[in-house]
Peer 1: 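Sharing a structure, written as structure tokens. Questions coming.
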Amino acid sequence: MADERPAPNGVDPTKPNAARIYNYLLGGKDNYEADRLVAQRMLSIAPDNRTVAWFSREFLTGSAKLAAEAGIRQFVDIGSGIPTSPSVYEAITAVDPDVRLACIDYDPVVFAHTNAMYNGVPGVTTMLGDFRDPDDLIERLPTEAGIDLSEPIAILLVGVLHFVLEDERPAEVMARFHDVMAPGSYVAFTHGATESDETWVTQTVTDTVGSTAQFVFRSRADVATIFKGFDMIEPGVAPIQHWLGDDLPETRMVVIGGICRKP
């Protein structure tokens with residue numbers, strides 16, 4: 001396409017990337033032909049993937065806004081992906097422009113895109129980091145992003161936990177974050193659910209085995225156990241449609257989500 005944006009330094013536009021595929025599903029412009037071809041194959045099998053992507057984005061920005069309206073001024077977006085409007089930054093600065101936002105992703109491609117977009121934006125720090133290494137993030141957040149862990153924060157984990165395998169101990173990782181979070185802090189999360197269409201579950205798991213984005217589906221009860229010690233806000237761990245409004249369509253892939261608070 002003649003109007004494609006030039007690729008940031010270090011980004012190979014000929015290789016498909018999961019974050020850019022998601023960006024395409026959301027209608028964003030930070031994707032290339034290789035990403036669009038993969039996304040179009042996905043949509044030919046499950047056309048409602050685009051709907052799921054939009055539901056997830058609405059949940060992400062809505063939960064960030066909820067935390068901001070509750071007085072949170074420090075946000076840690078783990079697995080942030082490529083910023084797409086409406087973004088977390090737009091949602092929280094609409095409430096108060098004087099906020100801090102750390103955008104964290106373990107993908108160097110995402111880091112390159114995000115760093116290029118937010119370069120020079122006050123209050124925003126982009127970081128290479130991994131949810132599965134909480135001690136690294138806990139050490140770096142105060143020094144690199146100015147996040148004061150003695151004050152309440154909001155951690156956003158949208159589209160992250162279903163890539164954390166059982167042997168990577170998601171509940172233990174979350175417990176480590178719980179230990180250092182100040183009372184009044186929030187966590188918002190989503191997760192692919194076992195109640196999704198069985199054929200879609202099988203296909204997704206098979207397609208991602210051995211990849212850097214191996215997918216695991218969990219039940220609502222199993223996801224809830226990851227957040228022991230937090231108080232769930234109603235409607236609890238539920239399909240994200242239930243958080244967004246009434247009469248929204250069911251989707252072949254069921255994504256559940258929740259917002260919880262450290263008492």
Peer 1: Checking side chain to side chain contact (heavy atoms under 4.5 Å, CB included) for the pair Val237/Phe227: CA distance, chi angles, key distance, verdict?
Peer 2: CA-CA 10 Å; Val237 182; Phe227 297 94; over 6 Å; no

Peer 1: Say whether, by atom type as modelled, one donor and one acceptor occur between the side chain of Asp105 and the main chain of Val110 under 3.5 angstrom.
Peer 2: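 No; zero donor-acceptor contacts below 3.5 Å.
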
Peer 1: Taking everything shown except Arg100 itself, do over 12 heavy atoms lie less than 6.0 Å from its CZ?
Peer 2: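 No, not enclosed.
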
Peer 1: Is Arg50 close enough and on-axis enough to Tyr24, meaning under 6.0 Å and within 45°, for cation-pi?
Peer 2: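 Verdict for Tyr24: a cation-pi partner in Arg50.
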
Peer 1: Between Thr125 (side chain) and Gly123 (backbone), is there a donor-acceptor pair under 3.5 Å?
Peer 2: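 No, Thr125 side chain to Gly123 backbone: no donor-acceptor pair under 3.5 Å.
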
Peer 1: Without swapping roles, check the side chain of Ser185 against the backbone of Ile153 for a donor-acceptor pair under 3.5 Å.
Peer 2: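 Yes; at least one donor-acceptor contact below 3.5 Å.
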
Peer 1: I'd like to check Ser63 versus Leu156 (side-chain heavy atoms, cut-off strictly below 4.5 Å). Are they in contact?
Peer 2: yes

Peer 1: Let me see the working for Leu244 and Phe55 under side chain to side chain contact (heavy atoms under 4.5 Å, CB included), right down to the final yes or no.
Peer 2: CA-CA 8 Å; Leu244 302 179; Phe55 285 170; 3.9 Å; yes

Peer 1: Relative to the ring of Phe217, is the ring of Phe215 parallel (under 30°), tilted (30 to 60°) or perpendicular (over 60°)?
Peer 2: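 Geometry flag for Phe217 against Phe215: tilted rings.
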
Peer 1: Step through it carefully: locate the ring centre of Phe111, locate the ring centre of Tyr106, and say whether they are under 6.0 Å apart.
Peer 2: no

Peer 1: Please evaluate residues Ile240 and Ser56 with respect to the criterion side chain to side chain contact (heavy atoms under 4.5 Å, CB included), reporting the C-alpha separation (whole Å), side-chain torsions for both, the decisive distance (0.1 Å), and the verdict.
Peer 2: CA-CA 7 Å; Ile240 51 178; Ser56 295; 3.7 Å; yes

Peer 1: Less than 6.0 angstrom separating the ring centers of Phe75 and Tyr89, yes or no?
Peer 2: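 No: the rings miss the under 6.0 Å criterion.
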
Peer 1: Going hydrophobic residue to hydrophobic residue with side-chain gaps under 4.5 angstrom, can you get from Leu60 over to Ile155?
Peer 2: no

Peer 1: Between Arg169 (side chain only) and Val164 (backbone N and O only), is there a donor and an acceptor less than 3.5 Å apart?
Peer 2: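 Here the side-chain-to-backbone pair does not exist.
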
Peer 1: Please answer whether the main-chain N or O of Leu141 pairs with a side-chain N or O of Glu144 as donor and acceptor at a distance below 3.5 Å.
Peer 2: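 Not a single qualifying donor-acceptor pair exists.
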
Peer 1: Please indicate whether Asp167 has more than 12 foreign heavy atoms, meaning atoms of other residues, nucleotides or ligands, lying under 6.0 Å from its CG.
Peer 2: yes

Peer 1: Working to the nearest 0.5 angstrom, can you tell me the gap between Asn115 CG and Cys103 SG?
Peer 2: 10.0 Å

Peer 1: Looking at Asp96 and Arg73, is any side-chain nitrogen of the basic one under 4.0 Å from a carboxylate oxygen of the acidic one?
Peer 2: yes

Peer 1: Could you label the plane-to-plane angle of the Phe59 and Trp243 rings as parallel, tilted or perpendicular, counting under 30° as parallel and over 60° as perpendicular?
Peer 2: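 Ring orientation, 0 to 90° scale: perpendicular.
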
Peer 1: Going through the distances and angles, do Gln241 and Val255 end up as a side chain to side chain contact (heavy atoms under 4.5 Å, CB included)?
Peer 2: CA-CA 9 Å; Gln241 291 96 314; Val255 175; over 6 Å; no

Peer 1: For the residue pair Thr61 / Glu90, report whether a side-chain donor-acceptor contact shorter than 3.5 Å exists.
Peer 2: no

Peer 1: Decide if the gap between the ring center of Phe131 and the ring center of Phe177 is smaller than 6.0 angstrom.
Peer 2: yes

Peer 1: Can you check whether Val254's main-chain N or O pairs, donor with acceptor, with Ser196's side chain at less than 3.5 Å?
Peer 2: yes

Peer 1: Backbone N or O of Met181 within a donor-acceptor pair of the Lys262 side chain at under 3.5 Å?
Peer 2: yes

Peer 1: Any side-chain to backbone donor/acceptor pair from Gln74 onto Asp148? Under 3.5 Å, distance only.
Peer 2: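 Present.
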
Peer 1: Measure the acute angle between the ring planes of His191 and His162, then classify it against the limits of 30° and 60° as parallel, tilted or perpendicular.
Peer 2: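 Taking His162 first and then His191, their aromatic rings stand perpendicular (interplane angle over 60°).
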
Peer 1: Using only atom types and a distance under 3.5 Å, with no angle test, would you say the side chain of Ser85 pairs donor to acceptor with the backbone of Ser87?
Peer 2: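 No; zero donor-acceptor contacts below 3.5 Å.
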
Peer 1: Count the heavy atoms of every other residue, nucleotide or ligand shown that sit under 6.0 Å from NZ of Lys65, and state whether that count exceeds 12.
Peer 2: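 No, not enclosed.
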
